[in-house]
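Lettering follows sequence order; numbering is per chain, from 1.
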Amino acid sequence: AQSVAQPEDQVNVAEGNPLTVKCTYSVSGNPYLFWYVQYPNRGLQFLLKYITGDNLVKGSYGFEAEFNKSQTSFHLKKPSALVSDSALYFCAVRVNTNAGKSTFGDGTTLTVKP
Amino acid sequence: DTAVSQTPKYLVTQMGNDKSIKCEQNLGHDTMYWYKQDSKKFLKIMFSYNNKELIINETVPNRFSPKSPDKAHLNLHINSLELGDSAVYFCASSRRDTLNTEAFFGQGTRLTVV
């Protein structure tokens, strides 16, 4: 069975500081990893994905994530947080089994304070 | 132009009623999904269709029945609504049902059963 863990329900950072939203996964086989963001009363929006190749992936709005196979992690990062980054962030994984179903983490609420 | 659109956006109904939520995507995608997001914001896949064919059917009560008249539409019909069905339902689509494709989400339908 595949699973995704986002160990922090909430992350608080000050504007201008770097931010990290953590994600670890458990799968059999090679994972395909995704980050999505959900603003209040909106659907999820795709931020970035890791498929293969370079472990550091760059995405929308200045976000990046690093795939670490040995630690089975895919943490989301941004060098300098903005108040407008405040939202709910979901990590998701797919593998070549289980009909390729996406499994989402429970989400992490990021609050960036001015 | 809205890529994935759902109607209605809000739905308040009494227990025991039957209701439908419609979803349309104009992205030319082959695969469509229904997700349920509960009050704690946890997101779970319900169904997945690829070119009108059901490929994922999670453990969802029989009262929920998806219908895909063509690959641009995936509607969700719910019979005999129960209080526990209250949630936000998201429709999504992806370019094809391969592991490296991200999903595009609609804005959600907030269903409240009273």
Side-chain angles (χ1 to χ4, degrees), chain A residues 1-6 8-10 23 25 27-54 57 59-60 63 65 67 74 87-110, chain B residues 2-10 21 23-25 27 29-50 53-60 87-112:
Chain A
Q2 62 199 58
S3 65
V4 175
Q6 293 181 241
E8 298 156 319
D9 291 339
Q10 183 111 18
C23 172
Y25 63 90
V27 299
S28 301
N30 293 322
Y32 297 80
L33 294 152
F34 302 80
W35 275 102
Y36 291 86
V37 60
Q38 184 179 24
Y39 297 102
N41 300 313
R42 303 293 299 272
L44 279 70
Q45 295 176 36
F46 168 72
L47 274 180
L48 51 79
K49 63 184 176 184
Y50 171 80
I51 303 303
T52 187
D54 218 350
V57 178
S60 309
F63 283 94
F67 172 64
F74 189 55
L88 181 58
Y89 290 79
F90 289 97
C91 181
V93 68
R94 302 181 81 177
V95 289
N96 193 21
T97 53
N98 203 9
K101 181 181 73 170
S102 289
T103 298
F104 283 79
D106 288 343
T108 298
T109 299
L110 172 67
Chain B
T2 307
V4 181
S5 59
Q6 299 177 226
T7 53
K9 192 171 180 182
Y10 299 97
I21 306 172
C23 178
E24 175 182 6
Q25 53 95 3
L27 297 166
H29 287 171
D30 289 334
T31 307
M32 296 186 73
Y33 313 84
W34 277 109
Y35 285 88
K36 179 179 179 180
Q37 187 174 44
D38 64 21
S39 57
K40 294 184 178 179
K41 306 289 188 183
F42 299 153
L43 197 66
K44 289 205 74 172
I45 191 166
M46 300 173 70
F47 302 103
S48 170
Y49 270 73
N50 189 49
E53 183 183 338
L54 179 67
I55 53 173
I56 291 176
N57 183 353
E58 285 298 286
T59 310
V60 175
V88 181
Y89 292 84
F90 287 102
C91 178
S93 71
S94 62
R95 195 153 39 94
R96 65 182 79 86
D97 189 39
T98 53
L99 299 175
N100 61 357
T101 53
E102 62 273 18
F104 291 75
F105 284 77
Q107 288 208 327
T109 296
R110 183 175 295 277
L111 171 65
T112 304

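When the shell of 6.0 Å around OH of A:Tyr32 is examined, it contains 12 or fewer heavy atoms from other residues, nucleotides or ligands. More than 12 heavy atoms of other residues, nucleotides or ligands sit less than 6.0 Å from atom CD of A:Glu8. Around the CG atom of B:Asp38, the shell of radius 6.0 Å holds more than 12 heavy atoms that belong to other residues, nucleotides or ligands.
In this structure, chain A has a heavy atom under 4.5 Å from the side chain of B:Gln37, while its backbone stays farther away. With a threshold of 4.5 angstrom between heavy atoms, B:Ala92 does not approach chain A through any atom at all. With a 4.5 angstrom heavy-atom cutoff, A:Leu88 touches chain B only via side-chain atoms. Using a 4.5 Å cut-off between heavy atoms, A:Tyr50 makes no contact with chain B at all. For a residue to count as touching a neighbouring chain, one of its non-hydrogen atoms must lie under 4.5 Å from one of that chain's; by this rule A:Gln38 touches chain B with the side chain only.
Of all non-hydrogen atoms in B:Arg110 and A:Asn41, the two that sit nearest each other are NH2-OD1, 3.8 Å. Nearest heavy atoms, A:Arg94 versus B:Tyr33: NH2-OH, 3.9 Å.
Note on A:Thr109, A:Asp106, A:Ile51, A:Leu33: by heavy-atom pairs under 4.5 Å with chain B, the leading option is A:Asp106.
Rounding to the nearest 0.5 angstrom, the gap separating the CD atom in A:Gln45 from the CD atom in B:Glu102 is 12.5 Å. Rounding to the nearest 0.5 Å places CG of A:Leu44 at 6.0 Å from CG of B:Leu43. The structure places OH of B:Tyr35 at 4.0 Å from OG of A:Ser102, a figure rounded to the nearest 0.5 Å. A:Thr103 OG1 to B:Lys44 NZ: the interatomic distance, rounded to the nearest 0.5 Å, is 8.5 Å.
Contact annotation: the side chain of B:Lys41 never approaches that of A:Asp9 to less than 4.5 Å [non-hydrogen atoms, C-beta and beyond].
Taking the six-membered ring for Trp, B:Phe105 and A:Tyr36 have ring centres closer than 6.0 Å.
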